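Reviewing the structure listed below.
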Amino acid sequence: MSRNSFRTSTGRSVTAVTADEMRDVDRDAVEDVGLQLLQMMENAGRILAWHVRDVRESDVVVVAGNGGNGGGGLTCARHLANRDVPVRVVLDRPSEELSGAAAHQYHILDEMGVSVTSGVESLADVAERTTIVDALIGYGLSGDVRPPADAYIDRMNGLSGPTVSLDVPSGIDATSGEPLGEAVSPARTVTLALPKTGLDALAGKLYLADISIPRTVYERLGIEYEPPFGDDDWIRLEQ
Ligand SMILES: NC(=O)C1=CN([C@@H]2O[C@H](COP(=O)(O)OP(=O)(O)OC[C@H]3O[C@@H](n4cnc5c(N)ncnc54)[C@H](O)[C@@H]3O)[C@@H](O)[C@H]2O)[C@@H](O)CC1
Ligand SMILES: [K+]
């Protein structure tokens, strides 16, 4: 199921995909085309960091989970630190329990000396107007939000600064748009590659980031795709 429910500022329609369709896109990009996850994640993290710098007033806290979404958030933290933005990371689990791309990105931050802590209590002393990067859960949300993620989401929503969500606000079902229990309410969402069908009733502004998935992937999967980016690496999307 693909729908044309989003538009660029020039009025061009952009196909929205379900979580399952996006999973197929990612799988085809990696397994059939040979694009590596880390290549796509680098684009995601760099573009997310641009948006964080655009909204931020002071410090930044990246809240990261253990999946691809968390990995993108950790990549963003590296790009922010490289630009001397005051940034720290809060993980939803001890760093020793990270795996895959999230563990890879964490080890780089550790070498850089970026502060990384875990536990929701790490969000207790966040200063007023701190910018939050929500990289806890993306389209991989499965079932109602379980503890301790619910406590992190509740805490993020209680903070005064702007929140920028990566791909999908954590707790929102990427396909249906339903909050599955607690869900983040962001000022901005930077979604990746194509908008997800569930972003049609989103709180805040929606942006689409080019993570370098080639047109051939969409063609193989029968997903209607005209590159919407023009000369830019990201664009604003409207309903
Ligand atoms: N092309 C790609 O494959 C890329 C994907 N990226 C990101 O990767 C995401 C998809 O990655 P994944 O498939 O690893 O999934 P996610 O990272 O979206 O979700 C997995 C994480 O969510 C937690 N989780 C899932 N259901 C939960 C529930 N009910 N309660 C509490 N916690 C829950 C898991 O413990 C895990 O930490 C995308 O949304 C996107 O942001 C980007 O980082 C870069 C490129
Ligand atoms: K998220």
Side-chain angles (χ1 to χ4, degrees), residues 17-49 51-52 62-79 91-94 97-106 118 120 132-154 156-157 163-175 178-186 188-196 198-199 202-204 206 208-214 217-218:
V17 288
T18 65
D20 282 346
E21 287 172 328
M22 194 61 214
R23 213 170 274 118
D24 286 344
V25 168
D26 287 342
R27 188 183 305 118
D28 191 86
V30 172
E31 294 178 7
D32 297 337
V33 173
L35 203 56
Q36 292 174 351
L37 173 65
L38 292 180
Q39 292 178 283
M40 295 186 277
M41 191 173 279
E42 197 63 31
N43 289 300
R46 181 187 283 278
I47 293 171
L48 182 62
H51 284 274
V52 172
V62 175
V63 181
N66 186 38
N69 202 255
L74 296 170
T75 308
C76 168
R78 164 160 45 83
H79 285 287
L91 300 171
D92 72 343
R93 66 199 70 206
E97 293 177 19
L98 293 176
S99 58
H104 174 92
Q105 304 296 359
Y106 161 75
S118 54
V120 73
I132 301 295
V133 177
D134 159 34
L136 199 57
I137 313 171
Y139 70 62
L141 175 67
S142 159
D144 286 353
V145 175
R146 298 181 297 270
D150 57 348
Y152 285 78
I153 292 170
D154 190 49
M156 281 191 265
N157 284 339
T163 297
V164 182
S165 287
L166 175 58
D167 205 20
V168 182
S170 298
I172 296 287
D173 183 282
T175 301
E178 290 295 315
L180 300 185
E182 294 283 346
V184 169
S185 185
R188 215 180 257 220
T189 296
V190 179
T191 199
L192 305 177
L194 283 177
K196 317 304 174 288
L199 296 176
L202 189 70
L206 178 62
L208 182 68
D210 181 5
I211 58 169
S212 83
I213 293 177
V217 171
Y218 302 111

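Counting convention: from 1, in listed order, for ligands and their atoms alike. Computation of the quantities below employed the complete heavy-atom set of this structure, encompassing side-chain atoms and omitting hydrogens, waters and symmetry-equivalent molecules. If you're wondering where the values come from, they're calculated on a predicted model, not measured in any experiment.
A heavy-atom cutoff of 4.0 Å around ligand 1 is satisfied by the protein residues D26, L37, M40, M41, N66, G67, G68, N69, G72, R93, I137, G138, Y139, G140, L141, S142, G143, D144, V145, R146, A149, D167, L192, I211.
Between I137 and N69, every side-chain heavy-atom pair lies at or beyond the 4.5 Å cut-off. Residues E97 and N66 form no side-chain contact, since every pair of their non-hydrogen atoms from C-beta on lies 4.5 Å or further apart.
The distance from atom CD1 of I47 to atom SG of C76, rounded to the nearest 0.5 Å, is 11.0 Å.
Enclosure of atom CD in Q39 by more than 12 non-hydrogen atoms of other residues, nucleotides or ligands within 6.0 angstrom is indicated.
Of the possible polar contacts, one joining the E21 side chain to the T18 backbone as a donor-acceptor pair under 3.5 Å is found. Between the side chain of N157 and the backbone N or O of A183 there is at least one donor-acceptor pair closer than 3.5 Å.
Listed by first then second residue, pairs satisfying salt bridge (charged side-chain N to carboxylate O under 4.0 Å, His left out) with a partner in residues 134-150 number zero, not counting sequence neighbours.
The K ion (ligand 2) lies closest to atom O when only the N/O/S atoms of D134 are considered.
Taking 3.4 Å as the criterion, S170 counts as a coordinating residue of the K ion (ligand 2), since one of its N, O or S atoms falls below it. For the K ion (ligand 2), the set of nearby N, O or S atoms under 3.4 Å includes none belonging to V184.
Salt-bridge annotation for R23 and D26: absent, with no side-chain N of the basic residue lying under 4.0 Å from a carboxylate O of the acidic one.
One finds an angle of 70° at the K ion (ligand 2) between O on V168 and O on L166, to the nearest 10 degrees.
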